[in-house]
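The residues of the chain are indexed from 1 along the displayed sequence.
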Amino acid sequence: MTAPVVLWDLDGTLLDPAGAITGGIARALAEHGHAVPEDLRRFVGPPVGFSLRTFTDVPEDEIPAVVATYRARYRTEGLAQTRVYPGVEELLERLHGAGVRMAVATQKPEPTAELAVERFGLARWFETVSGAADDAAAAPRAGQAHDKPAIIGAALRRLGVDAPDPARTVMIGDRRYDAEGAAAHGIDCLGVAWGFADEDELGTGFAAVARDAAELGELLARYTSPAPTGR
């Protein structure tokens, strides 16, 4: 039997940005003379360029500059505000010890995601970190709302999983983008209630929702427990 595979979102799932993203976006917008939206939680999850196009009136030709300012400050200040969510490290250690294969699949630019995973000592549990291309400030391709399906696909390919077994493969995330990306590959997505989902966002598309890391571990048993053997 093949080993189970668990894919993890990063911000809002493994890591608590603790205002690093929302505050960084607000400062970058203000620095470039743009209005700051009231609801900045929506910016946690999708690529920054996508969020600026969707939730602000920043002109297209100014988006790269706002993104560059935000990213520079995130690396120097934002990571210092970030924390690993309670119980997550213990769960990762237990899953790894049980032979579960794991990867990060995030819409954060891949180099920044790799930096965050290394900084917080999480790299030892993940075989690969799959993130967005570093040109995420560019306009999306026609018909493409977000790139989570492609990011999940890249993570699976790097793990050597050409056809994921839906009984043994699962995504974990806090936003609808995670559920939509998982569905594109025919696998379930487990939601986490400690992230940045809108009030009703976790109500559709998720196989189940965990309130804390302990409950998430219980939900994961469906995908990671060894199959019973016959007599």
query: Is the count of non-hydrogen atoms from other residues, nucleotides or ligands lying under 6.0 Å from Asp39 atom CG greater than 12?
result: yes
Gap between atom [atom2] of [Y] and atom [atom1] of [X] - 0.5 Å precision:
| X | Y | atom1 | atom2 | answer |
| --- | --- | --- | --- | --- |
| Ser130 | Lys108 | OG | NZ | 14.0 Å |
| Leu15 | Leu122 | CG | CG | 6.0 Å |
| Cys189 | Arg176 | SG | CZ | 13.0 Å |
| Leu7 | Ile151 | CG | CD1 | 11.5 Å |
| Tyr177 | Thr106 | OH | OG1 | 13.0 Å |
| Ile152 | Asp178 | CD1 | CG | 6.5 Å |

Minimal non-hydrogen separation, [X] against [Y], with atom names:
| X | Y | result |
| --- | --- | --- |
| Leu202 | Ala193 | CD1-CA, 3.9 Å |
| Ala132 | Asp147 | CB-OD2, 3.6 Å |
| Ile187 | Pro164 | CG2-CB, 3.9 Å |

Is there a path from [X] to [Y] through hydrophobic residues (I, L, V, M, F, W, Y) whose side chains come within less than 4.5 Å of each other?
| X | Y | value |
| --- | --- | --- |
| Ile25 | Ile63 | yes |
| Ile172 | Val117 | yes |
| Val161 | Val170 | no |
| Leu10 | Trp8 | yes |
| Val129 | Met171 | no |

Under 4.5 Å between any side-chain heavy atoms of [X] and [Y], yes or no?
| X | Y | value |
| --- | --- | --- |
| Phe43 | Thr56 | yes |
| Val100 | Val5 | no |
| Glu180 | Pro149 | no |
| Leu220 | Leu91 | yes |
| Phe126 | Leu92 | yes |
| Val67 | Leu52 | yes |
| Val192 | Val209 | no |
| Val88 | Thr13 | no |

task: Could you pull out all residues at least two apart from Glu127 that satisfy side-chain hydrogen bond (donor to acceptor under 3.5 Å, both in side chains)?
output: Arg101
Only pairs at least two apart or in different chains count here, so list each side-chain hydrogen bond (donor to acceptor under 3.5 Å, both in side chains) that has a residue in [range].
| range | value |
| --- | --- |
| residues 84-95 | Glu93-Trp125 |
| residues 201-212 | Arg175-Glu201, Arg211-Glu215 |
| residues 184-194 | Asp188-Tyr223 |

Below 3.5 Å, can you tabulate the donor-acceptor pairs from side chains in residues 26-37 to any protein atom, sequence neighbours excluded?
{"residue": "Glu31", "atom": "OE1", "partner": "Arg73", "partner atom": "NH2", "Å": "3.1"}
{"residue": "His32", "atom": "NE2", "partner": "Ala65", "partner atom": "O", "Å": "3.4"}
{"residue": "His32", "atom": "NE2", "partner": "Thr69", "partner atom": "OG1", "Å": "2.7"}
{"residue": "His34", "atom": "NE2", "partner": "Glu62", "partner atom": "OE1", "Å": "2.8"}

query: When Thr169 is tested against each of Leu156, Thr2, Val6, Thr224 for side chain to side chain contact (heavy atoms under 4.5 Å, CB included), which residue passes?
result: Leu156
message: Quick check against the 3.5 Å criterion: does Asp16 have a side-chain atom that pairs as donor or acceptor with the backbone of Arg83?
response: no
- request: With sequence neighbours excluded, tell me which residues meet side-chain contact (heavy atoms from CB on, under 4.5 Å) with Leu79.
  value: Tyr74, Leu115, Ala116, Arg119, Phe120
query: Passes side-chain contact (heavy atoms from CB on, under 4.5 Å), Thr112 versus Arg71? Steps please.
result: CA-CA 9 Å; Thr112 306; Arg71 287 182 177 172; 5.5 Å; no
field: Note: Lys148-Asp9 ion pair, threshold 4.0 Å (strictly below)
entry: yes
